[in-house]
Amino acid sequence: MAFTVTMMSWSVIEYGRQMASNGELGHAFEAIKWGTDYFIKAHPEPNVLYGEVGDGNTDHYCWQRPEDMTTDRTAYKIDPSRPGSDLAGETAAAMAAASIVFHRSNPAYAAELLTHARQLFEFADKYRGKYDSSITVAQKYYRSVSGYADELLWAAAWLYKATNDQYYLDYLGRNGDSLGGTSWAITEFGWDVKYAGVQVLVSKFLMQGKGGAYQSVFQKYQQKAEYFMCSCLGKGSRNVQKTPGGLIYRQRWNNMQFVTSASFLLTIYSDYLSSARKSMQCAGSYVAPSELFTVAKSQVDYILGDNPRATSYMVGYGNNYPQQVHHRASSIVSYKANPTFVTCRGGYATWFSRKGSDPNVLTGAIVGGPDAYDNFADERHNYEQTEPATYNNAPLIGVLARMTGHSGYNQLIPVDVPDVKPQLSKPTPAPQAKPSPAPVSKPTPAPQAKPAHAPASQPSAIAIDIEQKPTNSWVYKGKTYYRYSTTVTNKSEKTLKDMKLTINKLYGPLWGLTKSGDSYGFPAWINLLPAGKTLEFVYIHASSPADVSLSSYTLA
């Protein structure tokens with residue numbers, strides 16, 4: 001569950017703007033907060049975390065709807081005497097990542113999440129141990145095979161990303177060797193094994209110029225990240241297995257979890273390389289960033305139906321998708337349609353063994369998927385192939401958002417997640433850049449921004465005021481970048497319509513306006529500016545403020 005929330009948050013952090021443009025960002029926020037609200041309740045004290053409710057043996061003995069469940073709801077926790085560094089570390093990562101998602105739209109909640117994340121990381125690091133040695137009922141279902149070292153690094157990486165606190169960067173640098181971040185070359189990424197994810201995150205820090213004294217250590221992290229990429233491309237020293245139809249294949253039971261997570265890492269690493277204007281090497285040959293994205297896209301295409309069986313493994317999508325999903329609530333008639341109590345074993349006799357399609361379509365769920373030869377049996381008892389999981393879906397959110405179009409901005413420039421519900425009187429949902437700490441040199445003073453006004457030749461120009469100011473600066477690869485905030489205020493008593501701005505001497509990305517030809521107009525989410533209201537847009541470049549002027553508009 002924590003890994004699901006971490007991956008949903010990472011998806012929003014990287015591709016929230018695409019989600020917003022498709023009207024899905026609010027849904028992502030709701031899904032993440034559903035998880036983090038639960039984690040807050042499960043973490044009542046700094047060194048106590050509840051990690052499981054119920055147990056797999058008694059729950060699997062019954063086939064019932066959630067409304068009918070009568071199985072034991074015992075809660076199991078980790079604490080200093082029964083540690084669980086992997087569970088506490090992953091939950092710390094989830095809360096840190098989610099704090100980045102909410103830090104603009106809900107700063108108080110984001111601060112609360114960070115407090116929990118810091119406490120959980122300290123708990124995980126101080127009292128070390130595997131969670132399934134403490135919560136032994138989890139061993140049969142979610143055994144921690146990789147141990148907890150990867151989760152400690154994973155949590156530290158997310159806490160650094162969320163706070164810019166040098167302590168966590170130092171932790172990654174000092175412990176990279178001892179905890180395996182620089183030594184483990186892995187060809188999988190998932191809820192248990194986080195090394196590839198850590199290595200990709202640290203590679204981003206390195207490309208952002210944040211390596212500092214740990215430059216050589218972080219380069220080793222990056223070498224292992226690229227080992228993962230090369231293995232997925234089929235150009236490494238140990239490549240991932242693929243089915244004849246081209247699907248990444250690791251194991252018989254729920255293989256799709258590794259497909260979606262690998263697709264996510266391939267996608268973001270492709271964007272990181274593109275942003276840094278770099279390529280990478282596999283077995284002596286250079287690989288362009290686009291090759292990584294092409295492989296990721298091939299995996300998503302397979303999932304959605306471009307495969308030998310022409311089967312979509314996303315339930316409810318396409319014309320041929322799984323009809324007998326291994327999922328209790330899907331397979332039993334809705335409580336609203338028939339509230340008759342479904343007994344523990346009666347559910348197996350009546351509903352589990354039923355050969356018909358599910359009465360409730362589990363729309364969007366990614367099931368376990370085909371075997372090593374692209375074969376798939378759509379049968380409810382075939383849990384290895386028809387069971388869905390939240391951690392199958394979570395990485396795919398970001399990949400699908402990215403595939404709606406190019407990111408349109410430098411992936412290495414820190415940005416804020418857009419607000420869900422923009423208001424004209426507040427900043428528009430344009431990403432804000434957070435300052436990256438300068439490696440050595442201090443940022444030079446930002447150029448003084450002169451107020452830009454509508455041309456004096458226009459009779460009503462005084463009614464529209466344009467102001468610019470630098471709000472942040474940071475050093476990246478020896479060059480000082482500035483974030484400029486520009487506000488357009490309607491000081492008239494009428495509504496501003498058909499606004500066209502001319503912007504010259506702009507040398508970087510801009511958010512909050514729509515470009516049309518050589519001019520800029522209102523963003524997609526508004527088409528007018530009422531009297532007394534303000535619109536903000538932002539841009540980033542390594543230069544003095546751009547020249548912004550009002551070329552035409554209508555007051556009505």
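Numbering starts at 1 and runs along the sequence shown. Only a predicted model underlies this, so the values are computations on that prediction, with no experimental measurement involved.
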Notebook entry, point to check: Is there a donor-acceptor contact under 3.5 Å linking the side chains of Asp358 and Ser331?
Noted result: no
Next item on the list: Kindly determine whether Thr6 and Glu90 satisfy side chain to side chain donor-acceptor pair (under 3.5 Å), including the steps that lead there.
Entry: CA-CA 8 Å; Thr6 307; Glu90 178 59 76; 2.8 Å; yes
Next item on the list: Sequence neighbours left out, what passes ring pair (Phe, Tyr, Trp, His ring centres under 6.0 Å) with Tyr335? Give chain and number order.
Entry: none
Note to self: So which atom in Ser279 and which in Tyr286 form the shortest heavy-atom distance, rounded to 0.1 Å?
What the structure shows: OG-CD2, 3.4 Å
Check: Is the distance between the ring centroids of Tyr539 and Tyr484 under 6.0 Å?
Finding: yes
Checklist line | Inter-residue atom distance Tyr160.OH - Leu172.CG, 0.5 Å rounding | finding: 9.5 Å
Check: Taking the side chain as C-beta and beyond, is there a heavy-atom pair between Leu529 and Thr495 under 4.5 Å?
Finding: no
Check: Got a second to check how far Leu513's CG is from Leu535's CG, nearest 0.5 Å?
Finding: 6.0 Å
Notebook entry, point to check: Is the backbone N or O of Phe189 less than 3.5 Å from a side-chain atom of Ser261, with the two atoms forming a donor-acceptor pair by type?
Noted result: yes
Notebook entry, point to check: Do Arg118 and Tyr167 meet the cation-pi criteria used here (NZ or CZ under 6.0 Å from the six-membered ring centre, within 45° of the axis)?
Noted result: no
Check: Hey, is Glu14 close enough to Lys204 for a salt bridge, meaning N to O under 4.0 Å?
Finding: yes
Next item on the list: Give a yes or no on whether the backbone of Ala2 and the side-chain of Tyr391 come within a donor-acceptor separation of less than 3.5 Å.
Entry: no
Notebook entry, point to check: Side chains of Ser485 and Glu536: donor-acceptor distance under 3.5 Å anywhere?
Noted result: yes
Checklist line | Flag, side chain of Asp465 to backbone of Thr489, donor-acceptor distance under 3.5 Å | finding: no
Note to self: Quick one: does any side-chain atom of Ser11 pair with a main-chain N or O of Gly398 as donor and acceptor, under 3.5 Å?
What the structure shows: yes
Notebook entry, point to check: Within the side chain of Asn392, is there an N or O that forms a donor-acceptor pair under 3.5 Å with the backbone of Ile366?
Noted result: yes
Next item on the list: Over all heavy atoms of both residues, which pair between His327 and Pro388 is shortest? Give the atoms and the distance, please.
Entry: CD2-CG, 4.0 Å
Note to self: Would you say the ring centers of Phe121 and Tyr171 fall short of 6.0 Å from each other?
What the structure shows: yes
Check: Are Asp301 and Lys297 within salt-bridge range, i.e. N to O under 4.0 Å?
Finding: yes
Item checked: Exam field: side chain Asn22 to backbone Gln18, donor-acceptor pair closer than 3.5 Å -> yes
Next item on the list: Compare all side-chain heavy atoms of Leu114 with those of Met95 and state whether any distance is below 4.5 angstrom.
Entry: no
Notebook entry, point to check: In terms of side-chain heavy atoms, does Tyr15 have a donor or acceptor partner in Asp271 at a distance below 3.5 Å?
Noted result: yes
Next item on the list: Would you tell me whether Tyr269 and Gln199 have side-chain atoms, one donor and one acceptor, within less than 3.5 Å of each other?
Entry: no
Next item on the list: Sequence neighbours left out, what passes side-chain contact (heavy atoms from CB on, under 4.5 Å) with Ala110? Give chain and number order.
Entry: Ser99, Phe102, His103
Next item on the list: Check whether the side chains of Gln411 and Ser274 place a donor and an acceptor atom closer than 3.5 Å, and report yes or no.
Entry: no
Next item on the list: Go through Val417 and Phe29 one step at a time and tell me if the side-chain contact (heavy atoms from CB on, under 4.5 Å) criterion holds.
Entry: CA-CA 10 Å; Val417 175; Phe29 273 49; 3.7 Å; yes
Margin query: Using a 6.0 Å cut-off, check whether atom CG of Asn504 has over 12 heavy atoms from anything other than its own residue.
Written below: yes
Notebook entry, point to check: Side chains of Glu226 and Tyr221: do they bring a donor and an acceptor to under 3.5 Å?
Noted result: no
Margin query: Would you compute the distance between atom NZ of Lys336 and atom CG of Asn360 and round it to the nearest 0.5 angstrom?
Written below: 11.0 Å
Item checked: Student check: side-chain heavy atoms of Leu510 and Phe537 closer than 4.5 Å -> yes
Next item on the list: List the steps and the verdict of side-chain contact (heavy atoms from CB on, under 4.5 Å) for Thr502 and Tyr520.
Entry: CA-CA 6 Å; Thr502 299; Tyr520 294 81; over 6 Å; no
Next item on the list: Check whether any side-chain heavy atom of Thr91 lies under 4.5 Å from a side-chain heavy atom of Val5, and answer yes or no.
Entry: no
Notebook entry, point to check: For Leu292 and Tyr272, what are the C-alpha separation, side-chain angles and deciding distance, and is it a side-chain contact (heavy atoms from CB on, under 4.5 Å)?
Noted result: CA-CA 11 Å; Leu292 298 174; Tyr272 295 166; over 6 Å; no
Checklist line | pair Leu113-Ile40: side-chain heavy atoms closer than 4.5 Å | finding: yes
Item checked: Considering all heavy atoms, the nearest Gly246-Gln299 contact -> O-NE2, 2.9 Å
Margin query: Can you confirm whether or not the ring centre of Trp10 sits under 6.0 Å from the ring centre of Phe264?
Written below: yes
Item checked: Interatomic spacing from NZ in Lys479 to NE2 in His541 - rounded to 0.5 Å -> 11.5 Å
Notebook entry, point to check: Is the backbone of Leu412 close enough, under 3.5 Å, to the side chain of Gln208 for a donor and an acceptor to pair up by distance?
Noted result: yes
Item checked: Within-4.5 Å side-chain heavy-atom neighbours: Trp474 and Ile413 -> yes
Check: Could you give the distance from CG (Asn106) to CD (Glu112), rounded to the nearest 0.5 Å?
Finding: 9.0 Å
Next item on the list: Working to the nearest 0.5 Å, report the span between CG of Leu550 and CE of Met499.
Entry: 7.0 Å
Checklist line | Side-chain heavy-atom pair Val361, Val315 within 4.5 angstrom cut-off | finding: yes
Check: Should Val300 and Met403 be marked as a side-chain contact (heavy atoms from CB on, under 4.5 Å) after you check the CA-CA gap, both sets of side-chain angles, and the distance that decides it?
Finding: CA-CA 10 Å; Val300 175; Met403 288 180 177; 3.9 Å; yes
Check: Is it true that a side-chain atom of Ser270 and a backbone atom of Pro289 form a donor plus acceptor pair closer than 3.5 Å?
Finding: yes
Margin query: Under a plain distance cut-off of 3.5 Å, with no hydrogens placed, do Arg402 and Thr267 share a side-chain donor-acceptor pair?
Written below: no
Margin query: Can you see whether Tyr109 has Lys33 sitting over its ring - NZ or CZ less than 6.0 Å from the centre and within 45° of the normal?
Written below: yes
Checklist line | Heavy-atom closest pair, residues Leu265 and Gly197 | finding: CD1-N, 4.1 Å
Next item on the list: Without swapping roles, check the side chain of Asn490 against the backbone of Lys494 for a donor-acceptor pair under 3.5 Å.
Entry: yes
Notebook entry, point to check: Any chance the rings of Phe205 and Phe218 have centres within less than 6.0 Å?
Noted result: no
Notebook entry, point to check: Which atoms form the tightest heavy-atom contact between Ser275 and Asn410, and what is the distance?
Noted result: CB-OD1, 3.0 Å
Next item on the list: Answer with yes or no whether the side chains of Glu30 and His27 bring together a donor and an acceptor at under 3.5 Å.
Entry: no
Checklist line | Least distance between heavy atoms, Ala542 atom then Thr480 atom | finding: CB-O, 3.2 Å
Next item on the list: Mark yes or no for whether Ser263, through its side chain, and Val259, through its backbone, hold a donor-acceptor pair below 3.5 Å.
Entry: yes
Note to self: For a 4.5 angstrom cut-off between non-hydrogen side-chain atoms, does Tyr321 reach Val367?
What the structure shows: no
